[in-house]
Protein chains: 2
Amino acid sequence: MSEFEVAVGADLRSQAYFALAEAYNLLQLLMDEQLRRDGGVTYVQFVLLAQLAQAPQGRLRMTDLADTVLHSRSGLTYQATRLEAAGLLRRERSEEDERSVTAVITDEGRRRLEQVIPGHQAVVQAGMFDVLSDNQVKELAEKLDAIRTRLRSMVPSSAQRRRG
Amino acid sequence: MSEFEVAVGADLRSQAYFALAEAYNLLQLLMDEQLRRDGGVTYVQFVLLAQLAQAPQGRLRMTDLADTVLHSRSGLTYQATRLEAAGLLRRERSEEDERSVTAVITDEGRRRLEQVIPGHQAVVQAGMFDVLSDNQVKELAEKLDAIRTRLRSMVPSSAQRRRG
DNA sequence: TATTGTTATACTCTATAACTATA
DNA sequence: TATAGTTATAGAGTATAACAATA
């Protein structure tokens with residue numbers, strides 16, 4: 001138990017919370033370095049590319065993408081401009097709704113993603129899973145998934161934030 | 001299982017990892033808002049104050065504090081200047097080693113911390129623990145702690161980064 | 001009128017390297 | 001020479017509000 005925990009609460013819940021926070025921050029540090037080294041992309045850009053890669057035809061509407069990655073629309077425009085300049089993504093006007101813009105991952109974007117994923121998974125494996133058994137991983141995943149679902153219901157979407 | 005997971009790996013480990021990432025990001029969003037609303041401090045500032053509050057006599061050397069919160073020294077100087085201007089922290093030259101500076105939390109800093117902690121704990125409780133039993137919390141804490149310890153051993157300290 | 005995306009703008013934060021003082 | 005902390009600087013990223021185009 002770290003001393004920080006004593007300040008805010010020495011109970012099990014505080015332990016779980018601070019372990020989560022520190023684990024994620026350390027992981028972020030290692031992942032940022034790996035992604036930059038292996039593919040010249042930031043973590044945010046990696047997440048955006050991965051989101052697009054799995055979407056049908058590699059396409060997502062800008063607003064939906066912003067909601068998915070929890071950023072403002074202007075923030076997404078900023079990142080999309082950078083990814084477009086790097087040739088990893090392109091933007092197309094929608095045909096059904098002329099207001100909408102669809103972000104599409106390019107072939108080069110998919111290649112770049114494949115290029116960084118092995119290193120990314122290696123970091124996650126070494127940092128998180130080498131110290132857990134398969135069954136422990138399963139139990140961890142179940143609990144984190146319950147927490148994630150709960151938190152999703154507590155945070156409004158970017159469209160809702162704009163209105164409210 | 002989100003579609004993002006499919007892109008990078010649909011296995012249990014990816015599930016655990018992405019659940020961790022999204023849970024922490026959502027939690028961060030909620031905590032930032034709460035801390036700003038209840039006490040006008042950022043999450044980083046909250047962590048710095050909490051670290052000092054629990055240290056002996058509320059004191060820590062700047063470099064040690066930087067290592068604890070995983071920031072560069074210049075980044076810590078920036079935050080310390082802001083916290084000092086807000087009257088929540090003060091800096092003193094060390095008497096043993098004239099090169100060192102000790103950061104000390106002020107009485108007002110402690111009051112501010114007490115002011116935000118209830119809301120902070122409420123957010124954590126609602127977001128993470130209302131969906132878990134006490135035993136599940138215990139199991140979660142154990143696994144996250146193992147991961148944290150592992151990750152700590154993988155990330156060099158700020159002093160080590162400076163040298164290397 | 002409401003919604004989509006971009007832009008203008010301003011601000012926060014971070015790190016690197018140079019610098020000062022001390023060990 | 002090495003270390004502690006600050007500062008100068010520059011850059012990355014973010015969000016809010018105003019805007020143009022479309023529904």
Side-chain angles (χ1 to χ4, degrees), chain A residues 25 28-29 32-33 35-36 40-48 59-86 89-104 155-164, chain B residues 25 28-29 32-33 35-36 40-48 59-86 89-104 155-164:
Chain A
N25 285 328
Q28 186 85 282
L29 215 64
D32 270 340
E33 190 197 15
L35 290 169
R36 208 173 296 267
V41 292
T42 66
Y43 181 73
V44 168
Q45 291 168 346
F46 168 68
V47 171
L48 288 172
R59 310 166 66 82
L60 276 175
R61 207 173 62 122
M62 288 289 282
T63 295
D64 296 334
L65 189 51
D67 276 351
T68 307
V69 298
L70 297 172
H71 285 273
S72 68
R73 295 177 181 201
S74 66
L76 177 58
T77 295
Y78 173 83
Q79 292 293 349
T81 302
R82 310 214 120 216
L83 287 169
E84 205 164 37
L89 170 154
R90 66 172 187 280
R91 279 175 283 186
E92 298 177 356
R93 293 217 89 80
S94 166
E95 293 180 358
E96 310 102 45
D97 186 336
E98 292 268 321
R99 294 172 303 184
S100 289
V101 169
T102 303
V104 189
V155 175
S157 72
S158 87
Q160 287 171 328
R161 286 201 298 278
R162 193 182 209 189
R163 288 186 215 107
Chain B
N25 285 327
Q28 187 84 281
L29 215 64
D32 271 339
E33 190 198 15
L35 290 169
R36 208 172 296 267
V41 292
T42 65
Y43 181 72
V44 168
Q45 291 168 345
F46 168 69
V47 171
L48 288 171
R59 310 165 65 81
L60 276 175
R61 205 173 63 123
M62 288 290 281
T63 295
D64 296 335
L65 188 51
D67 277 350
T68 308
V69 298
L70 298 173
H71 285 274
S72 67
R73 296 177 180 201
S74 66
L76 177 58
T77 296
Y78 173 82
Q79 292 293 350
T81 303
R82 310 214 120 215
L83 287 168
E84 205 163 38
L89 170 154
R90 67 172 186 279
R91 278 175 284 187
E92 298 177 356
R93 292 218 89 80
S94 167
E95 293 180 358
E96 312 102 47
D97 185 338
E98 292 267 321
R99 294 171 302 184
S100 288
V101 170
T102 303
V104 189
V155 176
S157 73
S158 87
Q160 287 171 328
R161 286 199 300 277
R162 194 183 209 189
R163 288 186 216 106

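Throughout, a chain's letter reflects where its sequence line sits, starting with A, and its residues are numbered from 1.
The CZ atom of Arg82(A) sits 13.0 Å away from atom CG of Leu48(A), with the distance rounded to the nearest 0.5 Å. To the nearest 0.5 angstrom, Arg59(B) atom CZ is 4.5 Å from Glu92(B) atom CD. To the nearest 0.5 angstrom, Arg73(B) atom CZ is 10.0 Å from Met62(B) atom CE. Rounded to the nearest 0.5 Å, atoms CZ (Arg61(A)) and CG (Asp67(A)) are 8.5 Å apart.
Checking dA4(D), dT6(D), dT22(D) against every side-chain atom of Asp97(A), the shortest atom distance belongs to dT22(D). With dT7(C), dC13(C), dT22(D) as the choices, the nucleotide that has an atom nearest any side-chain atom of Glu98(A) turns out to be dT22(D). The nucleotide whose nearest atom lies closest to any side-chain atom of Tyr78(B) is, among dT7(C), dT14(C), dG13(D), dT14(C). Counting only heavy atoms from C-beta on, Arg99(A) has its side chain closest to dA23(D) among dA23(D), dA15(C), dC13(C). Nearest nucleotide to the side chain of Arg61(A), out of dA4(D), dT4(C), dC13(C): dT4(C).
The CG atom of Leu76(A) sits 14 Å away from the C1' atom of dT7(C) (whole-angstrom rounding). Between Met62(B) atom CE and dT22(C) atom P the separation is 17 Å, expressed in whole Å. Rounding to whole angstrom units, CZ of residue Arg73(A) and C1' of dA2(C) are separated by 11 Å. What separates OH of Tyr43(B) from P of dT14(D) is a distance of 18 Å, to the nearest Å. Rounded to whole Å, the distance from CG on Leu48(B) to C1' on dC13(C) is 13 Å. One interatomic measurement links the two molecules: CZ of Arg82(A) to C1' of dT14(D), which rounds to 13 Å at whole-angstrom precision. Remark: C1' of dT14(D) and CG of Leu29(B) are 12 Å apart, rounded to the nearest angstrom. Atom CD of Glu96(B) is separated from atom P of dA4(D) by 14 Å (rounded to the nearest Å).
Between Leu89(B) and Gln45(B), the closest side-chain pair of non-hydrogen atoms is not below 4.5 Å.
The nearest heavy atom of DNA chain D to Arg91(B) and to Arg36(A) marks one nucleotide each, and the one closer to the 5' end goes with Arg91(B). With DNA chain C read from its 5' end, the first of the two nearest nucleotides for Ala80(A) and Gln79(B) is the one closest to Ala80(A). If you find the closest nucleotide of DNA chain D to Thr77(B) and to Gln45(A), the one lying nearer the 5' end belongs to Thr77(B).
Side-chain atoms of Ser74(B) and base atoms of dT16(C) include a donor and an acceptor less than 3.5 Å apart.
Residue contacts shown for Thr42(A) are limited to sugar-phosphate atoms, with no base heavy atom under 4.0 Å away.
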